[in-house]
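Here's the structure we're looking at; comments come further down.
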Amino acid sequence: MADDVILETEGLTKEFHGFVAVKDVALRVRRGTIHALIGPNGAGKTTCFNLLTHFLTPTRGRIRFNGREITGSRPADIARLGLVRSFQISAVFLHLSVLENVRVALQRKRGGSFDFWRSERVLDSLNGRALELIDAVGLAPFARTLAVELPYGRKRALEIATTLALDPEMMLLDEPTAGMAHEDVERISALIKRVAVNRTVLMVEHNLSVVENLSDTITVLARGEVLAEGDYRTVARSPEVIQAYMGSGHA
Amino acid sequence: MSATTDPYVGATLPAVAGVSPPHVVAFLIMTAALVAAPFFVYPVFLMKALCFALFACAFNLLIGYVGLLSFGHAVFLGSAGYGAAHSAKVWGFPPELAILFGTAAATVLGVVVGALAIRSKGIYFANITLAFAQMVYFFSLQAAFTGGEDGIQSVPRGTLLGVLNLKDTLTLYFVVLAIFLLGFLLIFRAIHSPFGQVLKAIRENEPRAISLGYRAEQYKLLAFVLSATFAGLAGATKALVFQLASLTDVHWTMSGEVVLMTLLGGLGTVFGPVVGAFIVVTLENYLAQLGAWVTVVQGVIFVICVLTFRRGVVGELGNLLRKSL
């Protein structure tokens, strides 16, 4: 059973000058599932996310990934273990081309990234793989375009391609469809579903139809605490959840 | 843990923003002009400009490609100068060893200053580098071997590799030109290397680069040390050219001057710092009779540059031609 859980937190807590943003969160993400973290604004979802990838240091609590304690590790090292995150605002390298964006990720596994005396042509051997990934997210016609020139939805697609380039065991997606037009939302949802086939995905998402459509398990956070957990139907029926979302009048 | 086998080796595509034909053409023009120049222009003036051009290129590596503004780069120029001058004059080092020794001194200082400064960003990074520069300045003022206010004078130029007599100005010029071109090409290569790609990624979005598994601070440190090393190479060469190492080269105004050269020529462009350095050195030369007014004129030029052509001379030119230079 324990082997089934890829990411686990225990009493995860983060305080900012006395304000408790995340309180005693025990999260268990099963291997191979899509797990969504939802909750009203200010519920601590993004803080939780930053704790998992160590862009923030927890005040208390422990994080285990693949049975290995990673609480004190550095962000770059967590990524190297196979736990890779995306960001709420689309995180691409704006003044690099689409191809270069993906290639930078492939380059990390290739090694030799401190070689300042070698020509960057040695990286051309990664182009084939990069183009495959670019094609997989529907960006093939834009391979030579600078990322800055892509519309928002396509930037997110590029970000996912870059994350996939690392072939991570687990992906953390921070609001993958935030600020997107309707058709982009559908494209990205389909993409997430496709890439999640042989990996684990934990995502923060506001769009409930995306959550309903994609997630195996949902954890609802409110005021930094876990309010409910289960599949969409279970969670949607929970009176605490309805109250947190709609306010006390609807309880 | 990194994958070594790549099934996609062999798929080739031209590099996207790599070495482009305009770079090659511009490089050939620059080299031809510099080879012909000493027959028309006073060579010592050219050598001064070449040393500053290399200094500005080294500085540009840090600000243009990592986005870090060092306000203490004179430290590396000046201390390499002291190192070269002292080793040539007191220890009797031949010029090649004196230059190597001076450059190595700058590298070591680069590791120390870099390791401490690289943790901070923006104005804090500039402040820390400036603080170090002031410490080195006052050390240079007080220490015995630097000669304080007098500096180290009458440094012997010697004979390069026991063959080339550097007392001959034209010989010296071509040696300096070779050093400049070597430094320029190495910096160019560093920018267009696997390492350079990661640097650009860090400049564009550091948290994202970290989330891809890059330990950003190590890359920034290596860039800082490389920058310090090439600044040192410029300083050591300059000390032999002028047979002098003095406080001017470790003073904070020198750190400011290299910012002006780089901005004027074009920040983050390959040739901008060279053009900027030649413009500033020429101005100083021809405006020398104005005395203290040189600084005022420089200030006015700086303001005009920032207000009207922010990309610098080469940056604006590249923009007009729709090419990256």
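The structure presented is a predicted model; accordingly, all values stated were derived computationally and were not measured. Protein chains get the first letters and strands the later ones, always in sequence-line order, with residue 1 at the start of each.
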Side-chain H-bond candidate by donor/acceptor type, A/Glu100 with B/Gln197, under 3.5 Å: yes
What heavy-atom pair brings B/Leu212 and A/Ala79 nearest, and what distance separates the two atoms? C-CB, 4.0 Å
Side-chain touch A/Leu94/B/Asn205, heavy atoms, less than 4.5 angstrom: no
Do A/Ser113 and B/Tyr214 have side chains that approach each other closer than 4.5 Å (heavy atoms only, starting at C-beta)? yes
Distance only, no hydrogens: is a donor on one side chain within 3.5 Å (strictly under) of an acceptor on the other, for A/Arg121 and B/Ser193? no
Are the side chains of A/His95 and B/Lys200 in contact, using a 4.5 Å heavy-atom criterion? no
Sub-4.5 Å side-chain heavy-atom contact between B/Arg189 and A/Phe116: no
Distance col, row B/Arg215:CZ vs A/Asp77:CG, nearest 0.5 angstrom, shows 4.0 Å
Determine whether A/Arg108 and B/Val198 make a side-chain contact, defined as any pair of heavy atoms from C-beta on separated by less than 4.5 Å. no
I need the minimum non-hydrogen distance between A/Pro75 and B/Ile210, along with the two atoms involved. CB-CG2, 3.5 Å
Is B/Glu204 close to A/Asn101 at the side-chain level, that is, under 4.5 Å between some pair of heavy atoms? no
Check: A/Val122 and B/Pro194 side chains under 4.5 Å, non-hydrogen atoms: yes
Please answer whether the main-chain N or O of B/Gly213 pairs with a side-chain N or O of A/Arg80 as donor and acceptor at a distance below 3.5 Å. yes
Considering only heavy atoms, give the residues of residues 216-234 of chain B separated from chain A by less than 4.5 Å, sorted numerically, with 'none' for an empty result. B/Glu217, B/Gln218, B/Tyr219, B/Leu222, B/Leu226
